Amino acid sequence: MMRWLICLQSSILQIQLNNRNMESIYRLLKAVLIEFFKTNYPESIPADFIFQSTNKEHQGHITLMVFPLAKLVKKSPDDLANALGIYLISSDLIVGQQVINGFLNLQLSPKAFQLLIQDNSDLKIESKDLKKIVLEYCGPNTNKPIHIGHLRNMFLGYAVAAILKEIGHDVHKVNIFNDRGIAICKSMVGYLEYGNQTTPESEGIKGDFFVGKFYVLFSTECSRQAQPFIAQGMKKEEAEAQTAIFQKANDLLIKWENGDIEAIALWNLMNGWFYDGVRKTYARLGIDSEKDYYESQEYKKGKDIVELGYQSGVFHKDETGAIYIDLTDKGLDKKFLQRSNGTSLYITQDMALVKQRFDDYHMDKMIYVVGDEQNYHFKVLKYIMEAMQEPFSKDIYHLSYGLVLGKDGSKFKSREGTPADADMILDAVVEEAKSQTFESGKAEQFSEKELKEIAESVGIGAVKFALLKVTATKNIVFDPKEAVDLNGDTGSFIQYTYVRTKSLLSRWEGELNSQMAAELAAEEEDLIIHLSSFKSCLLRCAEALDPAELALFTLNLAKIYNRFYTQLSVLKEENIEKRNFRVYLTNLTNQALSKSLTILGVTLPEKM
RNA sequence: GACUUGGUAGCUCAGCUGGAUAGAGCAACUGCCUUCUAAGCAGUAGGUCACAGGUUCGAAUCCUGUCCAGGUCACCA
C-alpha cells in the first residue's frame with residue numbers, strides 16, 4: 001500500500017500541508033513566517049505551520065494555530081499571536097488579523113484572492129513520474145445478470161481510472177468475464193430442462209435476464225430436490241450436491257471441460273445471450289473496457305504455472321496429489337492451487353491471468369477493483385507471485401471496497417433472484433426521475449426525447465453518485481427508495497446546478513475576463529476559496545484511489561454556487577466590473593462541475 | 001478462535017497528520033417563486049462521537065483494554 005502511494009505522489013505536492021485549501025497562499029505565508037522567526041527567534045525555527053480555515057463564527061478566512069509555535073519559543077500563545085499578526089499584516093497577502101484564545105485569524109487581501117484565481121484559472125494538473133496502469137473492473141459471471149455490487153465496482157473502477165488519467169497516467173481498463181464453471185452449467189441445465197427452444201427474442205427478454213431466469217429455475221428445483229436430504233439432517237450445500245439436477249450440472253461441466261461439442265455449443269449460445277444483454281447495460285452506464293479477458297481462455301494456462309512451480313520446488317504435493325503452497329511463514333495457511341484430481345481452482349486462473357496481463361501490457365501497476373471479501377485471495381496471489389520470483393509481484397494492487405447492504409443492514413441477495421439486479425434498480429430510479437420532472441411542472445418545456453434523456457441522465461447519475469460519495473472501503477447501506485429521492489446530497493442536485501450555470505452562460509455574450517472586482521462579497525470569496533482546492537482534491541483522490549472526496553468536493557461546490565446564485569445578481573448586476581467577474585466565476589464553476597461529474601461518470605444534462 | 005474493517009443526530013454519511021461551541025443531507029417544523037431554472041435558498045429542532053482508562057495546553061481523531069457489527073480464514077467462485 002505505502003509503496004504504491006509513494007509512487008503516485010505527485011511532484012506538485014512536495015510540501016505536505018495541513019489543510020486542503022489554498023496551498024499556494026500557505027506556501028507564501030510560510031515564507032513570511034519563517035522570516036519572522038529568523039529575525040526574532042533564530043534559535044527555534046518551526047519546521048511547519050498549521051493552518052486551517054477560519055470558523056464561521058469568527059472574522060477572517062484562514063487561521064494559524066499558534067499553540068505549537070508558542071511552545072517552541074516559550075511565550076504565551078496570545079502574545080506570540082499578536083506579534084505574528086502584526087508582522088503578517090505588513091505582507092500584502094493579509095489585510096486584517098484578530099487573536100482569539102491562541103488562534104490567529106487572518107483576513108486575506110484582494111491580492112491574495114487574485115493569486116488564487118490565477119493559480120486556478122485552468123483546472124489542469126501537470127505531473128511527473130507518470131505510470132502505465134492497467135485496471136481490471138466489472139468482472140461479471142455470465143450465468144445471471146449483474147447486481148448492485150457490480151454497480152459499485154463499475155462506478156468505482158471507472159472513476160478511479162478517470163482520476164488517474166486526469167493526473168496524467170496512462171490508464172488501460174480491462175474486463176474479465178467469468179464465463180466458465182459450475183455456475184453457467186447450472187443455467188445451461190435450467191435451459192435444457194425448461195427452455196423449450198425459446199430465445200431472448202422469442203420471449204422478449206434481455207439476454208442476461210433470460211440466462212439468469214434459468215439459473216433461478218435450476219436453483220429452485222435444486223432446493224426442492226434437496227429437501228428430503230435436509231430432513232435427514234444434512235447441511236444445505238451438502239444436500240444440494242446430492243440432487244439429481246445438480247449431478248446433471250456437474251456432468252455438463254465435465255463434458256464441457258472435455259470439449260464435448262454439444263455442451264460447448266450450448267455454452268456459446270447462452271453466453272452469447274448474456275453478452276448481448278450485459279453489453280446493453282454497459283452502454284447505458286457508459287462503462288467501457290479496452291480489452292476483455294475470458295476465464296475460459298486463461299484457466300488452463302494456470303496449470304502450466306502450477307507445474308512449473310512444483311518442478312522448481314516452490315509448490316508442494318500432499319499425499320492425495322493436490323498441489324499447494326505453504327504460506328505459514330507469512331502468517332497464513334497452506335493454500336491449495338490444484339485439486340487432487342488435477343483440475344484447477346479459482347486462484348489457478350488468476351495466476352495465469354496476472355502473468356498474461358503483464359505480458360500484454362508491460363505496465364507499472366496492475367490494479368484489481370474487487371470487493372473486500374476477496375482481500376485474502378489477492379494477498380495470497382501476491383505472495384504466490386513473489387514466491388515464483390515474478391518481478392511484477394510488487395506491482396499487484398488490490399483496490400478493495402465494501403459491500404452494498406440492504407436497508408436492514410443485511411447483504412443484498414441475488415442468488416435466488418431477488419430484486420438486487422442492476423437493471424431493475426436503474427429502471428426504477430429513471431422512472432422516478434421522470435415523474436419528478438412532471439411534478440416540477442417543467443415537463444411541458446421538453447420534447448418526448450428530451451424527457452427521456454433527462455430522466456436517464458438524472459436517474460443513473462443519482463445511483464452513481466449515491467454509491468461514489470461513500471468512502472470506498474466502507475460498506476454502504478443502499479436503500480433504492482432513497483436513491484430515488486432526488487433532493488439533497490445527490491447527483492441530481494449537482495446536475496441541476498450545472499444546468500443553472502450553463503443556462504446563465506448561454507445568455508452571456510461578452511468576453512470572459514478574470515479581472516477581479518474591487519470588492520468581493522462573502523459568497524464570491526467562498527467560491528474562490530473552494531475552487532482553489534480542486535487540484536489538490538484530485539491528487540488526494542489519486543493517492544487514495546478513492547473518488548469519494550471528489551464527490552463531496554463537487555457537492556460542496558454546487559452548494560456554494562447555489563448560495564452565490566441566490567444571494568447575488570450576475571447578469572442583472574449593474575456594476576460592470578462585478579458583473580463580468582461573476583460571469584467569470586460562473587464559468588469557472590461550470591468547468592469544475594463539468595470536469596468532476598465527467599470523472600465520476602455522471603452525465604451532464606443539457607436542460608432539466 | 002485468528003486476522004481484518006467498521007461503531008459519530010431517528011436514518012444515510014463527512015470530519016484529512018490531534019485544534020475554537022462535532023458538520024451535511026434525509027425525515028419533522030417555519031419562511032421565500034410577477035425578478036438570471038424553487039430538482040433551489042434561508043431558518044428551527046435534533047449529539048454522553050459504543051464504553052473505560054491513558055498520552056497533553058488541547059482527543060471523535062493517537063495508545064491500551066472491553067463490548068457490538070460486517071468480512072475473511074475451502075481441493076467454492
Side-chain angles (χ1 to χ4, degrees), chain A residues 16-20 48 50 52 54-55 57-58 63 65-68 70-71 77 100-103 105 141 178 181-183 237 295 318 320-324 331-333 335-341 343-347 349-350 371-377 379-380 400 402-403 405 407 409-411 433 436-437 439-442 445 458 462 466 469-471 473-479 482 485-490 492-497 499-505 507-508 540 544 548-549 552 555-556 558-559 562-563 565-573 582-583 586 607-608:
Chain A
Q16 276 293 311
L17 295 154
N18 298 295
N19 196 290
R20 50 182 64 195
D48 210 351
I50 302 170
Q52 64 183 39
T54 305
N55 270 22
E57 300 81 38
H58 298 113
T63 297
M65 310 267 44
V66 185
F67 295 101
K71 203 172 177 183
I100 299 172
N101 300 328
F103 294 86
N105 298 332
N141 300 321
N178 300 301
I182 190 71
E237 282 173 26
E295 188 188 338
D318 75 0
T320 64
I323 296 178
Y324 66 91
L332 304 177
D333 223 331
K335 177 74 182 175
F336 283 89
L337 308 175
Q338 186 172 300
R339 294 194 187 92
S340 48
N341 66 9
T343 57
S344 65
L345 292 157
Y346 179 58
I347 192 129
Q349 59 115 0
D350 254 335
D372 62 8
E373 70 269 21
Q374 293 198 35
N375 284 353
Y376 186 79
H377 173 79
K379 206 170 168 181
V380 168
S400 119
L403 294 168
L405 302 171
K407 203 187 173 186
S410 65
K411 197 170 179 174
Q436 295 239 359
T437 310
E439 271 175 43
S440 73
K442 285 187 269 189
Q445 305 167 23
V458 168
K469 71 174 178 181
V470 178
T471 310
T473 51
K474 281 188 154 187
N475 288 347
I476 294 181
V477 175
F478 182 80
D479 180 2
E482 266 179 41
D485 187 348
L486 304 175
N487 299 313
D489 279 357
T490 60
S492 38
F493 171 77
I494 303 170
Q495 287 172 318
Y496 177 75
T497 310
V499 171
R500 260 187 165 174
T501 62
K502 197 178 162 70
S503 157
L504 195 154
L505 290 167
R507 290 163 198 266
W508 174 250
R540 272 189 304 275
E549 192 187 330
L552 292 172
L555 191 61
N556 284 325
K559 274 184 199 169
N562 277 326
R563 200 176 308 138
Y565 182 91
T566 43
Q567 300 298 319
L568 305 172
S569 302
V570 181
L571 297 177
K572 291 182 179 170
E573 169 60 45
R582 286 174 192 171
V583 172
T586 299
K607 310 174 190 171
M608 66 186 275

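Not measured: the values here are computed from a predicted model. Order of the sequence lines sets the chain letters (A, B, ...), proteins ahead of strands, with each chain counted from 1.
- More than 90° away from 0 lies the glycosidic angle of B:C41, which makes this nucleotide anti.
- Across all strands, A:Val570 comes closer than 4.0 Å to base atoms (heavy-atom distances).
- In this structure, NZ of A:Lys71 is placed 9 Å from P of B:U56, rounded to the nearest angstrom.
- Within the 4.0 angstrom heavy-atom criterion, base atoms lie near A:Tyr565.
- Within 4.0 Å of A:Asn105, counting heavy atoms only, lies at least one base atom of the nucleic acid.
- With centroids closer than 5.5 Å and planes inclined by less than 30 degrees as the test, A:Phe493 and the base of B:A39 fail to qualify as a stacked pair.
- Nucleic acid contact for A:Asn55: base, since at least one base atom lies under 4.0 Å from a heavy atom of the residue.
- With B:C36, B:A20, B:G70 as the choices, the nucleotide that has an atom nearest any side-chain atom of A:Thr63 turns out to be B:A20.
- The 5' end of RNA chain B is approached more closely, in terms of each residue's nearest nucleotide, by A:Val499 than by the other of A:Val499 and A:Gln338.
- Here the side chains of A:Asn562 and A:Phe493 are in contact, with some heavy-atom distance below 4.5 Å.
- When the P atom of B:C3 is taken as reference, atom CG of A:Asp333 falls 14 Å away, rounded to whole Å.
- A donor-acceptor contact under 3.5 Å links the side chain of A:Gln52 to the base of B:A20.
- Residue A:Pro68 places its side chain closer to B:G19 than to any other of B:G7, B:A38, B:G19.
- Residue A:Thr343 is out of contact with every strand shown, counting any heavy-atom pair closer than 4.0 Å.
- As judged by a 4.0 angstrom heavy-atom cut-off over every strand, A:Ile476 is placed among residues touching the sugar-phosphate backbone only.
- Of the side-chain N and O atoms in A:Arg339, none sit less than 4.0 angstrom from OP1 or OP2 of B:A74.
- Counting to the nearest Å, the C1' atom of B:U17 and the CE atom of A:Met65 are 14 Å from each other.
- In the interface, the side chain of A:Thr490 is not paired with the base of B:A39 through any donor and acceptor atom under 3.5 Å apart.
- Both A:Asp489 and A:Leu571 lie near RNA chain B, and the one whose nearest nucleotide falls closer to the 5' end is A:Asp489.
- The side chain of A:Tyr496 contributes an N or O atom lying less than 4.0 Å from OP1 or OP2 of B:A39.
- In this structure, A:Glu439 reaches neither bases nor backbone, as no heavy-atom distance under 4.0 Å exists between it and the strands shown.
- Side-chain N/O atoms of A:Ser340 and base N/O atoms of B:C75 include a donor-acceptor pair closer than 3.5 Å.
- When the C1' atom is used for both B:C57 and B:C67, the distance is 32 Å, rounded to whole Å.
- Between A:Arg563 and B:G40 there is no side-chain N or O to OP1 or OP2 distance below 4.0 Å.
- The base-pairing partner of B:C3, taking Watson-Crick or G-U wobble contacts with both distances under 3.5 Å, is B:G71.
- Across all strands shown, B:A22 forms no Watson-Crick or G-U wobble pair with both key distances under 3.5 Å.
- Under the Watson-Crick and G-U wobble criteria, each requiring two contacts below 3.5 Å, nucleotide B:C62 is paired to B:G54.
- Within 4.0 Å of A:Lys335, counting heavy atoms only, lies no atom of the nucleic acid at all.
- A stacked arrangement is assigned to A:Phe103 and the six-membered base ring of B:A20, with a centre-to-centre distance below 5.5 Å and an interplanar angle below 30°.
- No hydrogens or angles were tested; on distance alone, nothing pairs the side chain of A:Ser503 with the base of B:C36 as donor and acceptor under 3.5 Å.
- Side-chain polar atoms of A:Thr54 and A:Thr63 form a donor-acceptor pair below 3.5 angstrom.
- The pairing partner recorded for B:A38 is none, the criterion being a Watson-Crick or G-U wobble arrangement whose two distances lie under 3.5 angstrom.
- No donor-acceptor contact under 3.5 Å links the side chain of A:Lys474 to the base of B:U5.
- At a threshold of 4.0 angstrom between heavy atoms, the contacts of A:Leu568 include nucleobase atoms, whether or not backbone atoms are also involved.
- In this structure, NE2 of A:His377 is placed 13 Å from C1' of B:A74, rounded to the nearest angstrom.
- Looking at heavy-atom distances under 4.0 Å, A:Asp318 makes contact with a base.
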